Amino acid sequence: MAQRLATEFVKARLLLPESQMSNFIRHLQDPRVQYRVRVLDGGSREILLEDESGEEVSLPFDRHRNLFVCELSFRLVNPRLTHLIRRLFVAFKGDGMIRRIYPDFVMIDFYADGLVRRIIELTGSASRLVFEHRDHLPELEYLFASTDIEQEIERIRARADRLLDKRRIATDVAEIDWIDGELREAARRLFQLEA
């Protein structure tokens with residue numbers, strides 16, 4: 001597995017209601033990462049994180065009414081600090097782009113509401129889509145609400161009933177064979193639809 005060289009948070013953004021700031025601070029608990037919180041003018045906050053190797057990052061939270069807005073753009077090398085920031089980003093539904101830099105390629109993760117929506121791999125001369133989130137819920141809801149299959153099953157059953165009535169009164173062997181073939185096809189189709 002390739003060794004990650006660095007992680008860049010580019011145009012990343014966290015929006016926290018005032019009531020979640022204390023919860024955010026609780027998520028900073030890591031024995032190898034120290035933090036300091038500075039309260040600035042207007043109630044804004046600056047959270048400084050420093051890991052045991054001395055790498056540090058500043059998270060500026062500007063206060064806008066009852067909301068704290070943190071816009072991030074920085075590069076981290078230490079995996080522990082990177083992991084902590086990514087966990088915060090996911091837990092507090094961050095938006096933005098995270099670049100994971102490896103020796104021969106770069107992975108770009110696009111986040112929305114704390115979830116990875118797309119991952120792109122960049123190599124020297126090419127890019128390829130590794131993952132893209134597709135929201136299948138509307139399609140599944142449509143299929144669940146759709147009654148097309150139930151209606152087709154009812155049509156096939158009604159046709160089978162009519163064919164059975166014809167077969168009961170039929171005397172011609174060719175007509176009986178034709179009806180039997182149609183009934184076999186109806187039974188096969190019913191089996192497919194009901195499975």
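Everything numeric here is computed off the predicted structure, so don't read it as measured data. All values below were derived from every heavy atom in this structure, side-chain atoms included, with hydrogens, water molecules and symmetry-related copies excluded.
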Residue pairs meeting ring pair (Phe, Tyr, Trp, His ring centres under 6.0 Å), one or both in residues 32-70, sequence neighbours left out, come to Phe24-Phe61
If a pair satisfies ring pair (Phe, Tyr, Trp, His ring centres under 6.0 Å) and one of its residues is in residues 98-127, list it, with sequence neighbours excluded.
Phe89-Tyr111, Tyr102-Phe105
Is it true that [X] and [Y] fall in one hydrophobic cluster, defined by side-chain heavy atoms closer than 4.5 Å?
{"X": "Leu122", "Y": "Leu129", "value": "yes"}
{"X": "Leu28", "Y": "Met21", "value": "yes"}
{"X": "Leu14", "Y": "Met97", "value": "no"}
{"X": "Leu190", "Y": "Leu164", "value": "no"}
{"X": "Ile101", "Y": "Leu72", "value": "no"}

Measuring from atom [atom1] of [X] to atom [atom2] of [Y], what distance do you get when rounded to the nearest 0.5 angstrom?
{"X": "Arg32", "Y": "Glu50", "atom1": "CZ", "atom2": "CD", "answer": "15.0 Å"}
{"X": "Arg189", "Y": "Arg155", "atom1": "CZ", "atom2": "CZ", "answer": "10.0 Å"}
{"X": "Arg26", "Y": "Gln20", "atom1": "CZ", "atom2": "CD", "answer": "10.0 Å"}
{"X": "Gln34", "Y": "Leu49", "atom1": "CD", "atom2": "CG", "answer": "10.5 Å"}
{"X": "Ile156", "Y": "Leu163", "atom1": "CD1", "atom2": "CG", "answer": "11.5 Å"}
{"X": "Leu115", "Y": "Asp109", "atom1": "CG", "atom2": "CG", "answer": "12.5 Å"}

Check the pair Asp165 / Arg162 against salt bridge (Lys or Arg N to Asp or Glu O under 4.0 Å), numbers first and verdict last.
CA-CA 5 Å; Asp165 290 342; Arg162 288 191 305 273; over 6 Å; no
List the atom pairs, donor and acceptor, that lie under 3.5 Å between side-chain atoms in residues 77-86 and the rest of the protein, sequence neighbours left out.
| unit_1 | atom_1 | unit_2 | atom_2 | d |
| --- | --- | --- | --- | --- |
| Asn78 | OD1 | Arg80 | N | 2.7 |
| Asn78 | OD1 | Leu81 | N | 3.1 |
| Asn78 | ND2 | Asp51 | OD2 | 2.5 |
| Asn78 | ND2 | Ser53 | OG | 3.4 |
| Thr82 | OG1 | Asn78 | O | 2.8 |

List the residues meeting side chain to side chain contact (heavy atoms under 4.5 Å, CB included) with Pro60, not counting sequence neighbours, and say none if there are none.
Ser58, Cys70
Checking Arg13 now: which residues fulfil side chain to side chain contact (heavy atoms under 4.5 Å, CB included) with it, not counting sequence neighbours?
Leu15, Val69, Glu71
Mind telling me whether Phe74 and Phe9 have parallel, tilted or perpendicular rings, with 30° and 60° as the class edges?
tilted
Compile the donor-acceptor pairs under 3.5 Å between side chains in residues 169-181 and protein atoms, sequence neighbours left out, one pair per line.
| unit_1 | atom_1 | unit_2 | atom_2 | d |
| --- | --- | --- | --- | --- |
| Asp180 | OD1 | Arg167 | NE | 2.5 |
| Asp180 | OD1 | Arg167 | NH2 | 3.4 |
| Asp180 | OD2 | Arg167 | NH2 | 3.1 |

Give the minimum heavy-atom separation between [X] and [Y], together with the two atoms involved.
{"X": "Pro103", "Y": "Gln3", "result": "CD-O, 3.2 Å"}
{"X": "Met107", "Y": "Ile119", "result": "CE-CG2, 3.6 Å"}
{"X": "His27", "Y": "Arg87", "result": "O-NH2, 3.9 Å"}
{"X": "Ser127", "Y": "Ile120", "result": "CB-CG2, 4.2 Å"}
{"X": "Leu67", "Y": "Pro17", "result": "CD1-N, 3.7 Å"}

Check the pair Val116 / His133 against side chain to side chain contact (heavy atoms under 4.5 Å, CB included), numbers first and verdict last.
CA-CA 7 Å; Val116 176; His133 171 77; over 6 Å; no
One pair to check against side chain to side chain contact (heavy atoms under 4.5 Å, CB included): Glu182 and Arg159. What are the steps and the verdict?
CA-CA 9 Å; Glu182 292 295 311; Arg159 184 165 186 269; 2.7 Å; yes
Working for side chain to side chain contact (heavy atoms under 4.5 Å, CB included), residues Arg45 and Leu40:
CA-CA 6 Å; Arg45 308 273 196 285; Leu40 307 173; over 6 Å; no
Sub-4.5 Å side-chain heavy-atom contact between [X] and [Y]:
{"X": "Ile108", "Y": "Ile98", "answer": "no"}
{"X": "Leu59", "Y": "Glu46", "answer": "no"}
{"X": "Lys11", "Y": "Asp95", "answer": "no"}
{"X": "Arg99", "Y": "Val10", "answer": "yes"}
{"X": "Glu121", "Y": "Val106", "answer": "no"}
{"X": "Arg38", "Y": "Leu48", "answer": "yes"}

What verdict does the salt bridge (Lys or Arg N to Asp or Glu O under 4.0 Å) test give for Arg157 and Glu152, after you've listed the backbone C-alpha separation in whole Å, the side-chain angles of each residue and the deciding distance to 0.1 Å?
CA-CA 9 Å; Arg157 284 183 177 162; Glu152 186 175 352; over 6 Å; no
Would you check if the side chain of Arg65 reaches a backbone N or O of Arg63 as a donor-acceptor pair within less than 3.5 Å?
no
